[in-house]
Peer 1: 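Quick one: the structure is below, questions incoming.
Residue numbers begin at 1 in each chain, while the letters A, B, ... track the order of the sequences.
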Amino acid sequence: MADYPFQNIEQKWQSFWESNKTFRTPENVDTSKPKYYVLDMFPYPSGIGLHVGHPLGYIATDIVSRYKRMMGFNVLHPMGFDAFGLPAEQFAVEHGVHPRVTTENNIDNMLRQLKAIGLSYDWDRKLATTDVDYYKWTQWIFLKLFNSWYDTDQDMARPIEELIPRLETTHEGWADLNASQREEVLAGYRLAFLAEVPVNWCPQLGTVLANEEVTNEGRSERGNYPVFKRPLKQWMLRITSYADRLEADLDGVNWPEPVKMMQRNWVGRSEGAHVDFDVDGLEEKLRVFTTRPDTLFGATYMVLAPEHELVDSITQAQFRTAVDAYRKVAAGKTDIDRMSESKVKTGVFTGGYALNPATNTQIPIWIADYVLAGYGTGAIMAVPGGDERDWDFAEVYDLPIIRTVQPAEGFEGKAYTGDGAAINSGFLDGLEINEAKATMIAWLQENGHGEGTVNYKLRDWLFSRQRYWGEPFPILRGEDGSVRAVDAKDLPVMLPPMEDFRPTATDDPNAPPRPPLSRAPESWRIVEIDGKRFERELNTMPQWAGSCWYYLRFIDNQNEATFADPEKEKYWMGPLGVDLYIGGVEHAVLHLLYARFWHKVLFDLGYVTTVEPFGRLFNQGYIQAYAYRDERGIAVEATETVDQDGRPAMEVQDQPGRKFFYKGEPVTQEYGKMGKSLKNAVSPDEVNERYGCDTLRLYEMYMGPLDASKPWNTRDIVGVNRFLRRVWRNFVGEDSDAILVSDERPTDTQMRLLHKTIVRVTNDMERMSFNTAIAALIEFIAEFVALESIPRGVAEPFVLMLAPLAPHMAEELWQRMGHPETLAYAPWPISEDKWLVEDTIKLVVQVNGKVRSTIHVASDATKDDILAASKSDENVARFIEGQTIRREIYVPNRLVNIVVG
RNA sequence: GCCGGGAUGGCGGAAUAGGUAGACGCAACGGACUUAAAAUCCGUUGAGCUUAAUGCUCGUGCGGGUUCGAGUCCCGCUCUCGGUACCA
């Protein structure tokens with residue numbers, strides 16, 4: 001046997017696990033045992049397959065799963081595919097291949113790649129969001145949303161039927177309304193409802209585009225067609241009803257603080273006031289939201305978002321040309337561009353004036369793109385003295401600035417946002433901010449100029465997509481425009497078979513959108529109920545829908561009667577939800593907020609038992625790699641990018657002085673998250689073939705801490721591969737192929753090393769510090785390199801500790817050591833205190849905080865002994881000689897610091 | 001712009017609660033084994049200084065601060081990465 005035969009061994013154990021169903025979690029587990037639900041954020045089955053960034057999280061959850069099994073837990077560790085989505089549909093549009101075909105091929109390929117890493121998933125629970133018996137339940141949940149409303153009295157969602165008797169008393173004239181009028185009222189309460197919202201509309205593609213698909217110039221990535229912001233009637237989900245709970249319940253979950261912070265900021269609760277301004281020549285009042293009503297005396301001008309609905313009526317004739325031009329430019333920019341393009345604020349005067357109700361003075365009304373239509377009321381009162389953006393704007397356009405808060409002493413900045421007493425503010429003068437706010441709100445309410453209110457940054461969730469490859473809505477529309485839900489018993493609403501997946505293109509930006517499903521056969525589109533004709537909803541759900549609840553389906557994926565059996569749900573989700581959820585921090589707000597929202601709706605309606613879905617969240621870092629963008633700002637394939645000499649970029653990207661080209665066009669190099677967005681993926685297959693998957697697993701974990709981002713570097717892989725081969729040589733005879741484990745008693749030194757290692761590795765497993773766990777195992781085996789054989793008493797615990805990390809080799813060695821059973825459920829080694837006590841301890845001795853010596857003392861030495869020993873040390877003595885000892889600090893087991901001077 | 005991370009030798013990283021900065025690995029260099037190469041094993045490796053020691057000085061992105069003691073805490077920056085609501 002020349003070397004570690006990883007191909008044979010890995011193949012052997014992967015087949016063993018598969019045919020023995022080693023990792024099958026039974027439908028009915030022994031519920032007296034503790035459970036552990038370990039979940040990965042499931043992948044999108046992309047055409048290029050897995051890249052080495054995916055397994056980073058999957059290997060980590062696999063290690064945790066294997067470790068927990070050895071610790072005696074019932075482990076639920078499933079995997080699936082988030083398989084609806086844009087790329088399969090675009091491929092279908094371009095090549096005429098049905099998205100289901102592409103998707104299934106991609107899933108097969110990724111499944112092969114996942115299995116080749118030896119991940120211990122219960123594959124019998126595999127699912128894809130595109131499975132009909134999965135999306136049936138996605139539609140079922142949508143019906144629950146449609147048929148529910150948010151009862152602010154009970155602070156929970158309730159079935160819509162409970163609302164109707166209430167409306168009879170609370171809604172004036174309810175009794176006189178006809179059916180469609182009543183439906184209109186109910187729509188204002190439903191958690192799923194229709195509304196007009198602005199979107200990136202590309203008429204030539206006949207579709208709405210993601211911001212990502214829009215170039216810097218406001219054109220489409222595909223085809224380079226113009227893109228317009230225009231309002232479109234869309235399905236929305238009333239996530240804003242849950243704003244307070246989404247924020248408050250973060251206190252109860254074990255999540256990374258930064259993610260909680262991002263969610264809190266995303267919900268963006270802020271207390272403040274609505275203030276209504278009279279506008280010259282306008283019936284309506286102009287309403288703004290402000291978090292600082294106390295600064296009203298300093299409001300010297302107003303700014304509307306260019307899209308604000310009152311811009312037309314406020315704008316005076318001589319300013320109209322400038323205003324229209326400005327609005328047109330703003331419409332072509334994304335929100336991010338509007339805020340980041342430059343620090344210089346732009347805007348135009350409308351010619352209109354409003355009356356500041358506090359000062360009774362006329363203040364000019366401007367429009368500027370630093371005010372966004374989607375936040376607050378889309379209009380602000382500008383207080384340059386107290387807001388940096390307003391100050392900048394006022395400086396550019398020479399608008400008056402009044403301070404309303406006394407700046408702290410020595411303050412030399414521009415806008416002052418700190419604490420202080422009110423000044424220049426009439427009846428508020430002298431009050432601190434909080435008091436001034438309350439006083440102003442009371443004044444506004446008394447005088448009919450506004451009221452105190454809470455505002456959220458969170459917007460309702462836009463839930464329609466003009467696409468084919470998504471869940472169809474279980475919704476029908478009558479010829480009179482009425483909306484009707486499909487009966488739950490008629491689910492699923494299957495995607496109709498189609499050959500052409502293109503939306504209908506047009507040159508007219510104002511033509512109504514014709515989504516792909518408008519091409520579906522009439523037999524699908526048209527439904528007749530009680531003699532009335534209905535057309536099915538032609539939009540589909542966003543990809544988020546399927547990922548909002550998949551963790552629940554894994555619990556009971558075969559159930560045909562319900563999405564998951566309540567008893568099973570209670571066991572696996574209780575008491576705090578999924579025990580460990582690992583995925584990238586890029587999902588910090590969207591996916592994780594949407595899933596929490598759905599979960600809370602299901603909780604309110606009594607379908608799940610926990611308030612939160614994911615008790616513990618962990619973000620793995622990114623594997624990063626170089627990426628390239630063309631002049632339009634669109635990422636191009638890194639693998640097809642070359643340098644000026646025609647060499648592949650992948651080989652020369654870290655050398656200085658390279659210029660890069662893609663299909664002859666110059667591109668810019670950047671560095672970032674590996675993945676489909678930056679088109680810079682590296683496949684794990686190569687590593688698997690060359691070194692084996694135990695090496696891949698070990699390398700990905702050894703690269704650094706799990707939550708840190710780090711660059712992929714093929715060169716470093718040999719390090720952990722050498723470790724594995726060294727282990728193999730230590731355990732298996734080079735010529736004899738015999739196991740080299742002896743039944744001799746381990747030496748005391750070996751036992752101490754073993755137990756120290758058990759403590760280190762167990763600790764590292766608990767805190768998911770796998771890189772240092774591997775380092776401990778490397779150090780351990782280094783002590784045995786010179787030996788002919790390893791005593792069984794230390795060899796077996798070592799193999800067990802290796803098992804979660806490099807399971808194939810560990811299983812093989814375990815079997816060769818005489819164990820017929822898999823080690824997947826063998827108990828994890830336990831350290832014994834008697835091997836952890838040391839006779840002597842090493843202490844560092846510092847003088848004035850600088851290390852001057854190390855001393856060895858008996859582990860039971862007293863502080864006095866230790867200080868005496870420190871001071872008598874030759875080098876220490878040199879530094880304290882002739883000086884007064886001012887302080888003596890002794891940190892047990894660590895150091896002594898003698899302060900002199 | 002806004003919200004959230006990160007920055008430690010030539011490289012990836014370690015330092016778990018404020019207590020020896022650089023564990024472990026890569027690369028590099030030197031040596032052993034070998035006809036040779038691969039593989040393997042042993043050793044050196046943050047920078048600098050000197051009287052060469054059980055020595056000294058500097059050193060964790062930059063500038064300040066707190067502390068007996070700071071990679072770690074505080075204040076102010078720089079660069080960089082993630083998100084920014086239709087990529088997921």
Peer 1: Using Watson-Crick or G-U wobble geometry with both distances under 3.5 Å, which nucleotide pairs with A38(B)?
Peer 2: none

Peer 1: So what does Arg389(A) hit on the nucleic acid, given a heavy-atom distance under 4.0 Å: a base, only sugar-phosphate, or nothing?
Peer 2: nothing

Peer 1: If the cut-off is 4.0 Å, is Lys710(A) near the phosphate of G25(B), judged by side-chain N/O to OP1 or OP2?
Peer 2: no

Peer 1: May I ask you to check whether Asn730(A) and Arg726(A) show a side-chain donor-acceptor distance below 3.5 Å?
Peer 2: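 No, Arg726(A) and Asn730(A) have no side-chain donor paired with an acceptor closer than 3.5 Å.
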
Peer 1: Rounded to the nearest 0.5 Å, how far apart are CG of Leu805(A) and CD1 of Ile774(A)?
Peer 2: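 Rounded to the nearest 0.5 Å, the CG-CD1 separation comes out at 5.0 Å.
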
Peer 1: Can you tell me the base-pairing partner of C86(B)? Count Watson-Crick or G-U wobble geometry only, both distances below 3.5 Å, and say none if there is no partner.
Peer 2: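 Paired with C86(B), as far as the under-3.5 Å criterion goes, is no nucleotide at all.
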
Peer 1: Report which part of the nucleic acid Val844(A) touches: base, sugar-phosphate, or nothing (heavy-atom distance under 4.0 Å, all strands).
Peer 2: base

Peer 1: Write down the distance between CD1 (Ile774(A)) and C1' (A23(B)), rounded to a whole number of angstrom.
Peer 2: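 Between C1' of A23(B) and CD1 of Ile774(A): 14 Å.
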
Peer 1: Heavy-atom count around Glu388(A) CD within 6.0 Å, excluding the residue itself: above 12?
Peer 2: no

Peer 1: Return the nucleotide paired to C24(B): Watson-Crick means purine N1 to pyrimidine N3 with N6-O4 or O6-N4, wobble means G-U with N1-O2 and O6-N3, both under 3.5 Å.
Peer 2: G12(B)

Peer 1: Using a cut-off of 4.0 Å on non-hydrogen atoms, how would the nucleic acid contact of His587(A) be classed: base, sugar-phosphate, or nothing?
Peer 2: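 Base contact.
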
Peer 1: Between Asn875(A) and C56(B), does any side-chain N or O lie under 4.0 Å from OP1 or OP2?
Peer 2: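 It does, given that an N or O in the side chain of Asn875(A) lies less than 4.0 Å from OP1 or OP2 of C56(B).
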
Peer 1: So what does Ile778(A) touch, heavy atoms closer than 4.0 Å: a base, only the sugar-phosphate, or nothing?
Peer 2: sugar-phosphate

Peer 1: Can you measure Gln624(A) atom CD to A7(B) atom P for me and round it to whole angstrom units?
Peer 2: 12 Å

Peer 1: Let me know the distance between NZ of Lys756(A) and P of U16(B), rounded to the nearest Å.
Peer 2: 16 Å

Peer 1: For a quick check, tell me whether the side chain of Arg467(A) and the base of C86(B) share a donor-acceptor pair closer than 3.5 Å.
Peer 2: yes

Peer 1: To the nearest angstrom, how far is Trp255(A) atom CH2 from G4(B) atom P?
Peer 2: 17 Å

Peer 1: Can you say whether a donor on the side chain of Gln263(A) sits under 3.5 Å from an acceptor on the base of C3(B), or the other way round?
Peer 2: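 Absent.
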
Peer 1: Of Arg726(A) and Arg887(A), whose nearest nucleotide on RNA chain B comes first from the 5' end?
Peer 2: Arg726(A)

Peer 1: Given C86(B), is OP1 or OP2 found less than 4.0 Å from the side-chain N or O atoms of Arg465(A)?
Peer 2: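 Answer is yes, contact under 4.0 Å.
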
Peer 1: Using purine N1 to pyrimidine N3 plus N6-O4 or O6-N4 for Watson-Crick, or N1-O2 and O6-N3 for G-U wobble, each under 3.5 Å, what pairs with C79(B)?
Peer 2: G6(B)

Peer 1: Among Tyr44(A), Phe91(A), Phe501(A), Phe84(A), which residue meets the ring-ring contact (aromatic ring centres under 6.0 Å, His included) test with Trp469(A)?
Peer 2: Phe84(A)

Peer 1: Checking all strands, does Val208(A) fall into the base, sugar-phosphate, or nothing category for heavy-atom contacts under 4.0 angstrom?
Peer 2: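 Base contact - Val208(A) has a heavy atom under 4.0 Å of at least one base atom.
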
Peer 1: What is the separation between atom CG on Leu678(A) and atom C1' on G83(B), rounded to the nearest whole Å?
Peer 2: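 Going from Leu678(A) (CG) to G83(B) (C1'), I get 13 Å.
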
Peer 1: Test ring pair (Phe, Tyr, Trp, His ring centres under 6.0 Å) on Tyr551(A) and Tyr581(A); report intermediate values, then the result.
Peer 2: CA-CA 10 Å; Tyr551(A) 57 94; Tyr581(A) 190 26; 7.5 Å; no

Peer 1: If we call it a pair only when both distances are under 3.5 Å in a Watson-Crick or G-U wobble match, what pairs with G71(B)?
Peer 2: none

Peer 1: Report yes if at least one side-chain N or O of Arg715(A) is closer than 4.0 Å to OP1 or OP2 of G25(B); otherwise report no.
Peer 2: no

Peer 1: Over how many whole Å does the gap from Leu590(A) atom CG to C3(B) atom C1' extend?
Peer 2: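 Taking atom C1' of C3(B) as the reference, CG of Leu590(A) is at 13 Å.
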
Peer 1: Applying a 4.0 Å non-hydrogen cut-off, can you work out what Val891(A) is touching in the nucleic acid: base, sugar-phosphate, or nothing?
Peer 2: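 Since a base atom lies under 4.0 Å of Val891(A), the category is base.
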
Peer 1: Can you tell me if Arg852(A) touches the phosphate of U54(B), counting only side-chain N or O atoms and a distance under 4.0 Å to OP1 or OP2?
Peer 2: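 No, no such contact exists.
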
Peer 1: Provide, to the nearest angstrom, the distance between the OH atom belonging to Tyr242(A) and the P atom belonging to A85(B).
Peer 2: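 Taking OH of Tyr242(A) and P of A85(B), I get 24 Å after rounding.
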
Peer 1: Quick one: label Met261(A) by what it contacts on the DNA or RNA (base, sugar-phosphate, nothing), any heavy atom closer than 4.0 Å.
Peer 2: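 Touches sugar-phosphate only.
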
Peer 1: Have a look at Pro43(A) and say if it touches a base, only the backbone sugar-phosphate, or nothing, with a 4.0 Å heavy-atom cut-off.
Peer 2: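 Pro43(A): no heavy atom of the nucleic acid under 4.0 Å.
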
Peer 1: Please name the nucleotide paired to C29(B) by Watson-Crick or G-U wobble geometry with both distances under 3.5 Å, or report none.
Peer 2: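 Pairing partner: G43(B).
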
Peer 1: Verify the contact: side-chain N or O of Arg722(A) to OP1 or OP2 of G25(B), cut-off strictly under 4.0 Å; return yes or no.
Peer 2: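 False: Arg722(A) side-chain N/O out of range (4.0 Å or more) of G25(B) OP1/OP2.
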
Peer 1: What's Phe879(A) touching, base or sugar-phosphate or nothing? Going by heavy atoms closer than 4.0 Å.
Peer 2: sugar-phosphate

Peer 1: When you get a sec, tell me which of G19(B), C26(B), G55(B) is the closest nucleotide to the side chain of Arg878(A)?
Peer 2: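 Closest nucleotide among those given: G55(B).
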
Peer 1: Report yes or no: is there a donor-acceptor pair, N or O only, under 3.5 Å between the side chain of Tyr702(A) and the base of C24(B)?
Peer 2: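 Such a pair is found, so the answer is yes.
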
Peer 1: Just call it for Val720(A): base, sugar-phosphate, or nothing, with non-hydrogen atoms closer than 4.0 Å on any strand.
Peer 2: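 No contact.
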
Peer 1: With a 4.0 Å cut-off on heavy atoms, is Ile717(A) in touch with a base, just the backbone sugar-phosphate, or nothing at all?
Peer 2: nothing

Peer 1: C26(B) P sits how many Å from Asn713(A) CG, rounded?
Peer 2: 12 Å

Peer 1: Report which part of the nucleic acid Tyr622(A) touches: base, sugar-phosphate, or nothing (heavy-atom distance under 4.0 Å, all strands).
Peer 2: sugar-phosphate

Peer 1: Should we count CZ of Arg389(A) as having more than 12 external heavy atoms under 6.0 Å?
Peer 2: no

Peer 1: When we call it a touch if two heavy atoms are under 4.0 Å apart, what does Lys842(A) touch: a base, just sugar-phosphate, or nothing?
Peer 2: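 Lys842(A): base contact, heavy atoms under 4.0 Å.
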
Peer 1: Under 3.5 Å, is there a donor-acceptor pair linking the side chains of Asp460(A) and Thr240(A)?
Peer 2: yes

Peer 1: Mind checking who U51(B) pairs with, Watson-Crick or G-U wobble, both distances under 3.5 Å?
Peer 2: none

Peer 1: When you check the side-chain N and O atoms of Tyr699(A) and Asn713(A), is any donor under 3.5 Å from an acceptor?
Peer 2: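 No - no donor-acceptor pair under 3.5 Å links their side chains.
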
Peer 1: Taking atom types as modelled and ignoring hydrogens, do the side chains of Arg878(A) and Asn875(A) form a donor-acceptor contact shorter than 3.5 angstrom?
Peer 2: yes

Peer 1: Using a distance-only criterion (donor-acceptor N/O pair, under 3.5 Å, no hydrogens), is the base of C68(B) paired with the side chain of Asn897(A)?
Peer 2: yes

Peer 1: Categorize Lys260(A) for me: base, sugar-phosphate, or nothing, with a 4.0 angstrom heavy-atom threshold over every strand shown.
Peer 2: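 No contact at all - Lys260(A) keeps every heavy atom at 4.0 Å or more from the nucleic acid.
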
Peer 1: Verify the contact: side-chain N or O of Arg894(A) to OP1 or OP2 of G69(B), cut-off strictly under 4.0 Å; return yes or no.
Peer 2: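 Arg894(A) to G69(B) OP1/OP2: no side-chain N or O under 4.0 Å.
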
